[in-house]
Asker: 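Quick one: the structure is below, and I'll ask about it shortly.
Both backbone and side-chain heavy atoms feed into the values below; hydrogens, waters and symmetry mates do not.
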Amino acid sequence: MLGYCDLDERPAFKMSIKEKNGRWYLYTGHFWEAGWSVVDVTDPAAAKVLRFTPIPGPQGNTIGNQVTLHGDTMITAMEKVFPEGAPGSDPTVPYLEGVLIWDISRPEHPVQLAHWKTGGTGTHRNLYAGGDYAHLSAAMPGFTGNIYVILDISDRRNPKIAGRWWVPGQETGQSTPPPGGALHTHGFCCGNGAHVHLHGPPYPVENLVYLPYGAAGLIILDISDVSRPRQVGQLQFSPPFHAQFGVHGVLPVPERGIAFANSENISYGRGPAHHSSIIDISDPANPFLLSLLPEPIPPRGAPYDDFTTRGGWSGPHNMNHHLYSPDVQPMNGLFYMAHFNAGLRVYDVTNKRLPREVGYFIPPEPRKRYGPLPLAREGEPADALPVLQTEDVVVDKRGHIYITDKNQGLWILKYVGPPPGSR
C-alpha cells in the first residue's frame, strides 16, 4: 500500500486521472454527497483534497457521482437520486440532470462551460476520449431504460445531440422484458426499472462503439456516420447470467482482438451467477466468449466460505477503463477489477483462454456507515457497520492503483506480483 486519503469523509465513486506539469490530479464523483473533488495524488503517501465542487443547484435529489475527462475537458454526470436515497436526500425537491462540461486547463480550478440536459432523469456513466464527441448513457424522454447518445461538444459552450441509438422496444409503450422474467422493481442505477438499459460507458474505438447494454448484452455499433449509428454485432449473456446489468461494463482492446466485459450483481447473493469475461472481437460482427475470469477465493482463515454469501454486494463492478487516456497504464497483460466485497483483484490475461489471478488487496472493513448501501446482513440492525464494497479502480502510467469504497476513502496501491506472462 502506498497511501490512503479519507477524502474529507466523502466516499468516492468513479474516478479519472490527469497529469500536468509533473503533478497528478485525481477527479472523483461521490456517493453520498452530490459533487466532485480534485485530489492531489502526486505523492500517494500525502494525497489530499484540493477542492470539492457541489452540484450547482438544489441539493437533495441529484446524484453527481460520475466523471470522465481527456486533455483539458472534463464531463460530469448528474441524474435523479436512486430510490434507495442518500443521507439528507429529499425526493420532493427539484433535481438536476444531464452533463456538465468543464475546462480543467487549471487542474485545481475546474470552470463550468455548459450544462446539457436530457429532458429526462439524466445520464449515468459516460465517456469522453477527446475530440468532438462525448458518448453518453442517457435517460431520455420517451424511452424505458437509458439509451446511447452521441453529444457534439466541438463548441464546448453549446453542446448538441449528434446521434442516438437504442434497442428496439425501448420506446415508451413498447416492451423490453428481460429473458425469462418480468421487469424488476429495484431502481439502483436504473431509475425507470428496465433490464434492457445502457449502463455505460459506451466505449468508442475509431468507427466502432461498444455498448454494455444490460440484458441485451454486448452490442457493437458502426458510428462512421454519427448521425446514424448502425448495429454490426451483439453477444448475449442473459441467460445464463443474471439479466439486470447482465453486461455492466465493456473494455475493448482491439489490438489484441479482445474485449473484457462484466456484469453487476446487486442481488446480495440470491440471484443467478455474475460474470467477468474475455470476448473475441476480431470480427465485430461475430463476437464470442473466450473465457471467464476466475472467481476470487477467500483468504485463509476468513470467517466466510465464499464472497457471494459474505454479505453486501458481490462480484465484479468496475475495471481500469480509461485506456484511451495517455495518463493511464496501457494494457500490459494485467487486468484490474474492483470486485465489491472481494476488494481489488488483479489478473494475468496474457493467455486470453486461461486468465489467472495474480494479486489482490482486500481493504479493512469500514469503521463508519455513511449511506444506506450495502444493506445490513440478515439479522443485523439497519445501521450496522457495512461490509466493504470496492467500487472503482484506475491505474495511472506510474503503476499507482486507486480504489474507492462506498463507505471509506481512497486507497492507493502498487502491484508487486509476478510480471504478466511469467509462470
Asker: Ignoring hydrogens and angles, tell me if any N or O in the side chain of Gln408 forms a donor-acceptor pair with the backbone of Pro364 under 3.5 Å.
Answerer: yes
Asker: Do you know which two heavy atoms are closest between Gly233 and Pro287, and how far apart they sit?
Answerer: CA-CD, 4.5 Å
Asker: Treating Lys18 as the side-chain partner and Gly71 as the backbone partner, does any N or O pair qualify as donor plus acceptor under 3.5 Å?
Answerer: yes
Asker: Do the side chain of Ser277 and the main chain of Asn262 share a donor and acceptor less than 3.5 angstrom apart?
Answerer: no
Asker: Go through the steps to decide whether Gln329 and Tyr415 satisfy the test side chain to side chain donor-acceptor pair (under 3.5 Å), and finish with yes or no.
Answerer: CA-CA 12 Å; Gln329 185 182 85; Tyr415 173 74; over 6 Å; no
Asker: Can you name the side-chain contact (heavy atoms from CB on, under 4.5 Å) partners of Ser282, sequence neighbours left out?
Answerer: Asp280
Asker: Between the main-chain N or O of Gly246 and the side-chain N or O of His275, is there a donor-acceptor pair closer than 3.5 Å?
Answerer: yes
Asker: Does Arg230 reach the main-chain N or O of Ser224 with its side chain, forming a donor-acceptor pair under 3.5 Å?
Answerer: no
Asker: In this structure, is the centre-to-centre distance between the rings of Tyr360 and His339 below 6.0 Å?
Answerer: no
Asker: Could you tell me whether the side chain of Lys20 and the main chain of Ser105 form a donor-acceptor pair under 3.5 Å?
Answerer: yes
Asker: Has the side chain of Asn61 got a donor or acceptor atom that lies under 3.5 Å from a matching backbone atom of Val93?
Answerer: yes
Asker: Whether the Ser263 and His242 side chains hold a donor-acceptor pair (N or O, under 3.5 Å, no angle test) is what I'd like checked.
Answerer: yes
Asker: Just by distance, do the side chain of Asn126 and the backbone of Ser137 share a donor-acceptor pair under 3.5 Å?
Answerer: yes
Asker: Take atom NZ in Lys414; do more than 12 heavy atoms of anything else shown fall under 6.0 Å from it?
Answerer: yes
Asker: Nearest 0.5 Å, what's the CZ-CE distance between Phe335 and Met319?
Answerer: 5.0 Å
Asker: Between Trp313 and Phe340 (judged by ring centroids, cut-off 6.0 Å), do the two rings come close enough to count as a pair?
Answerer: yes
Asker: Does atom CD1 of Ile297 have more than 12 heavy-atom neighbours, drawn from other residues, nucleotides or ligands, at distances under 6.0 Å?
Answerer: no
Asker: Test Asp348 against Arg356 for salt bridge (charged side-chain N to carboxylate O under 4.0 Å, His left out), laying out the working first.
Answerer: CA-CA 5 Å; Asp348 182 337; Arg356 298 181 297 120; 3.2 Å; yes
Asker: Where do Val394 and Asn320 come nearest, in terms of heavy atoms and distance?
Answerer: CA-OD1, 3.6 Å
Asker: So, Arg10 versus Ser37: side-chain donor-acceptor pair below 3.5 Å or not?
Answerer: no
Asker: Ring-plane angle category for His199 and His197, please: parallel below 30°, perpendicular beyond 60°, tilted otherwise.
Answerer: perpendicular
Asker: Do Phe31 and Tyr370 have ring centres separated by under 6.0 Å?
Answerer: no
Asker: Taking C-beta and beyond as the side chain, do Leu208 and Tyr210 meet within less than 4.5 Å on heavy atoms?
Answerer: yes
Asker: Could you check whether any side-chain N or O of His248 sits under 3.5 Å from a backbone N or O of His317, counting only pairs where one atom can act as donor and the other as acceptor?
Answerer: yes
Asker: Please check if atom CZ in Arg156 has more than 12 non-hydrogen atoms from other residues, nucleotides or ligands closer than 6.0 Å.
Answerer: yes
Asker: If you measure from CH2 on Trp36 to OG1 on Thr28, what distance do you get to the nearest 0.5 Å?
Answerer: 11.0 Å
Asker: Where do Pro363 and Leu388 come nearest, in terms of heavy atoms and distance?
Answerer: O-CD2, 3.1 Å
Asker: Could you check whether any side-chain N or O of Arg256 sits under 3.5 Å from a backbone N or O of Thr350, counting only pairs where one atom can act as donor and the other as acceptor?
Answerer: yes
Asker: Take Glu171 and Arg164 through the test salt bridge (charged side-chain N to carboxylate O under 4.0 Å, His left out) and record every step on the way to the result.
Answerer: CA-CA 13 Å; Glu171 305 92 327; Arg164 303 194 305 178; over 6 Å; no
